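See structure below.
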2 protein chains.
Amino acid sequence: MFTSVEERAAVDVVDGVRIPPLDGEGPIWLQIRRSLAFVILTGDWPAGTRVPTELYLTRYYATSRMTVNKALLSLASEGLIERRPKLGTVVTSRARERPVFEIWDAADAVHRIGGHYGYRLLECGIMPADAPERGELAVDTKTPIIRMMCLHLSDERPFQLEERLINVEAAPKITCQPLEDVSPGQWLLANVPWTEARHAISARGASPMVAAHLQLDEGDACLVVERRTWSGSVPVTLGRFWYPGDNHSLEGRFRPSW
Amino acid sequence: MFTSVEERAAVDVVDGVRIPPLDGEGPIWLQIRRSLAFVILTGDWPAGTRVPTELYLTRYYATSRMTVNKALLSLASEGLIERRPKLGTVVTSRARERPVFEIWDAADAVHRIGGHYGYRLLECGIMPADAPERGELAVDTKTPIIRMMCLHLSDERPFQLEERLINVEAAPKITCQPLEDVSPGQWLLANVPWTEARHAISARGASPMVAAHLQLDEGDACLVVERRTWSGSVPVTLGRFWYPGDNHSLEGRFRPSW
DNA sequence: TTAGCTCATTTGTATAGTCAAAAGAAACTG
DNA sequence: CAGTTTCTTTTGACTATACAAATGAGCTAA
């Protein structure tokens, strides 16, 4: 294809923005995906920006069109870009809004609504071998489990109450110490890879304990999100997140799969 | 490639199940996807069944491996199958559990939990041009909107209360008549294509009206799902679904996108 | 026996093309 | 000038092929 430097596109700048080069890590199509996702998610290419054509990118990255195509289709399937024959490929207006289902971190959610984020650790410790809640994380009784509870604040007001179980064998470096300052979601995201996650969303009346922490009345409707993650077949963590139901909602976007 | 019938695979049966042939509609990779999704979703290939290899399917469908590959990757990305080099491709244990986020129809959800589905239309009519709720569906005041309310039952007990606005211009054949017997979700699914949908999920205390229909006490926590769909940029419908919060939950599965 | 090596199978990724479909732009015609 | 046709660009789909990576199975040697 394009082996010599001379044959490659001379310009690697679109609307004054330099497209990051490939980083050499993993499959080329994923490198291209990251490269383009970066300029889109940072806002360097705002909504409506025309993404270079497949042919241009093929030359720029010195690869084949199928490879570029795979990267672009993958971005399109997540709604970052829209593509139409002849018109070309453009950055969508909702490129930077990730569905709230995918927000893994309360700090993210607070920043998204423009609040000032605060964090308070309420409890933390190793769970006794005979505690009944052990069953919620399907590991045997010898495996140590950290149980902790914390509060996430937006502008000093309670935003989310978090109960969390962590399988210490899946997250060997975890102790209560880092959790004094950094939320378990952030710590786990940075330290433990996961391969699958499940959510269950329900509505429940606030228990006295929950009501106290969230400054609600007992029985007030709360939105409860439970998130379990696995690394392979090993359970990593269970998080249960309580939101005051009256002023929070989870949003998501869907497209037909055909 | 394989042009003559003789060169094609002689056998088109796996574990005694005939793989449906291509139906000729749309791209080949989507036809293959449908063909395989059919035998998986019907349960003909239960969890653990080994899907034929790409090479076999390439011969069976008389196409190229890349085309088969695209279909299989698309099924894998939705979790219907799992693929590993050398081991092959197998039907996953969760192939038939679609995330409840994607369940478009209460009858589906009731059948999934093994209940007997019932439907009752409560109200139906054209919304007045000056009704305040018109704003919820962003169309101008001349556009007629059907507003209706119905109850979905599981084993004769209230399962879900549905409020629904339908843009008549986007669904020209809609009237209150078919909605006597068939739920709006089913009717719309069968009659109006959509290109995008959004959900918002929240928890709310039951209003007197909701409490009466769902046989709850006023203020009891309910899970409320709002689903809006568009066809292109035209709003099609808004559905608001109320579930008794204590015994319902929405579930979903996620995988990392890297 | 067991640890390590080799081999075969299957998927994963990449290449280099081709033709088709969509749709805006330009040219043409009445 | 309005409507129609043709041209051109860009994405969509497909083919045929190649090599790499993963991994179970079987073989070999200490």
Side-chain angles (χ1 to χ4, degrees), chain A residues 1-4 7-9 14 22-36 49-77 80-92 195 232 255-258, chain B residues 1-3 7-9 14 22-36 49-77 80-92 195 232 255 257-258:
Chain A
M1 278 238 47
F2 296 92
T3 43
S4 74
E7 279 179 301
R8 300 207 349 203
V14 170
L22 303 186
D23 55 21
E25 285 172 30
I28 299 173
W29 72 269
L30 275 178
Q31 297 180 46
I32 295 175
R33 189 186 185 286
R34 278 197 298 275
S35 166
L36 297 175
T49 304
R50 273 194 67 163
V51 176
T53 67
E54 294 192 354
L55 213 57
Y56 177 96
L57 294 172
T58 300
R59 295 203 198 107
Y60 173 54
Y61 293 121
T63 180
S64 73
R65 187 162 85 92
M66 283 295 284
T67 303
V68 169
N69 182 258
K70 189 162 184 173
L72 290 174
L73 286 182
S74 130
L75 289 170
S77 79
L80 294 203
I81 57 177
E82 249 166 11
R83 341 189 55 214
R84 298 174 63 186
K86 166 71 183 176
L87 209 166
T89 301
V90 293
V91 176
T92 60
T195 56
R255 306 156 151 278
S257 58
W258 50 83
Chain B
M1 281 238 47
F2 295 92
T3 43
E7 278 177 301
R8 299 206 350 202
V14 170
L22 303 186
D23 54 19
E25 285 172 29
I28 298 173
W29 72 271
L30 277 178
Q31 297 180 45
I32 295 175
R33 190 186 185 287
R34 278 196 298 275
S35 167
L36 297 176
T49 304
R50 272 192 67 163
V51 177
T53 67
E54 294 191 353
L55 214 58
Y56 177 96
L57 293 172
T58 300
R59 294 203 201 104
Y60 174 54
Y61 293 122
T63 179
S64 74
R65 184 161 85 93
M66 286 297 285
T67 303
V68 170
N69 181 257
K70 188 162 184 171
L72 290 174
L73 286 182
S74 132
L75 289 170
S77 79
L80 294 203
I81 58 178
E82 248 167 12
R83 338 190 60 215
R84 298 173 62 186
K86 166 72 183 176
L87 208 166
T89 301
V90 293
V91 176
T92 60
T195 57
R255 305 153 153 278
S257 57
W258 53 82

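Residue numbers begin at 1 in each chain, while the letters A, B, ... track the order of the sequences. Worth saying up front: this structure is predicted, and the values here are computed from it rather than measured.
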Would you indicate, yes or no, if C:dT11 has its OP1 or OP2 atom less than 4.0 angstrom from a side-chain nitrogen or oxygen of B:Thr89?
-> yes

*Looking only at side-chain N and O atoms, does A:Thr67 come under 4.0 Å of OP1 or OP2 in C:dT13?*
no

Quiz item: Is there a donor-acceptor contact under 3.5 Å from the side chain of B:Arg34 to the main chain of B:Glu25?
Solution: yes

Whole-Å distance, A:Glu82 CD to C:dA22 P, equals 17 Å

- Query: Hey, does B:Leu80 have a side-chain heavy atom less than 4.5 Å from the side chain of B:Arg33?
  - Reply: no

Could you check whether the side chain of B:Arg84 and the base of C:dG12 have a donor-acceptor pair of N or O atoms closer than 3.5 Å, going by distance alone? no

- Message: Is the shortest side-chain heavy-atom distance between B:Leu75 and B:Leu36 below 4.5 Å?
- Response: yes

The residue, B:Pro27 or A:Pro85, whose nearest nucleotide of DNA chain D is more 5′ is A:Pro85

Rounded to whole Å, the CZ-P distance (B:Arg59 to D:dT15) equals 15 Å

B:Arg65 CZ to D:dA18 C1', in whole Å, measures 10 Å

With no angle test and no hydrogens, is the base of C:dT13 tied to the side chain of B:Arg83 by a donor-acceptor pair under 3.5 Å? no

B:Ile32 atom CD1 is separated from D:dA13 atom P, nearest whole Å, by 13 Å

Comparing nearest nucleotides in DNA chain C, the 5'-proximal residue of the pair B:Gly88, A:Met66 is B:Gly88

Out of C:dT10, D:dG12, C:dT15, minimum distance to the side chain of A:Asn69 belongs to D:dG12

Rounded to whole Å, CD1 of B:Ile81 lies from P of C:dT10 at a distance of 15 Å

Here the distance between atom P of C:dA14 and atom NZ of A:Lys70, to the nearest Å, is 7 Å

note: A:Leu87, atom CG; D:dG12, atom P; distance rounded to Å ~ 11 Å

**Item:** Sugar-phosphate only, base, or nothing, as touched by B:Leu72 at under 4.0 Å among non-hydrogen atoms
**Value:** nothing

From CG of A:Leu73 across to P of D:dG12 the rounded distance in Å is 6 Å

Using a 4.0 Å heavy-atom cut-off, does A:Leu55 contact any base of the nucleic acid, only the sugar-phosphate backbone, or nothing at all?
nothing

Practice task
Go through the side-chain N and O atoms of B:Ser35 and B:Tyr61 and say whether any donor and acceptor fall under 3.5 Å apart.
Solution key: yes

DNA chain C nearest-nucleotide lookup for A:Trp29 and B:Lys86: closer to the 5′ end is B:Lys86

Okay, side chain of A:Gln31, backbone of A:Gly26: is any donor-acceptor separation there less than 3.5 Å?
-> yes

* **Short side-chain N/O contact from A:Thr63 to OP1 or OP2 of C:dT15, under 4.0 Å** => yes

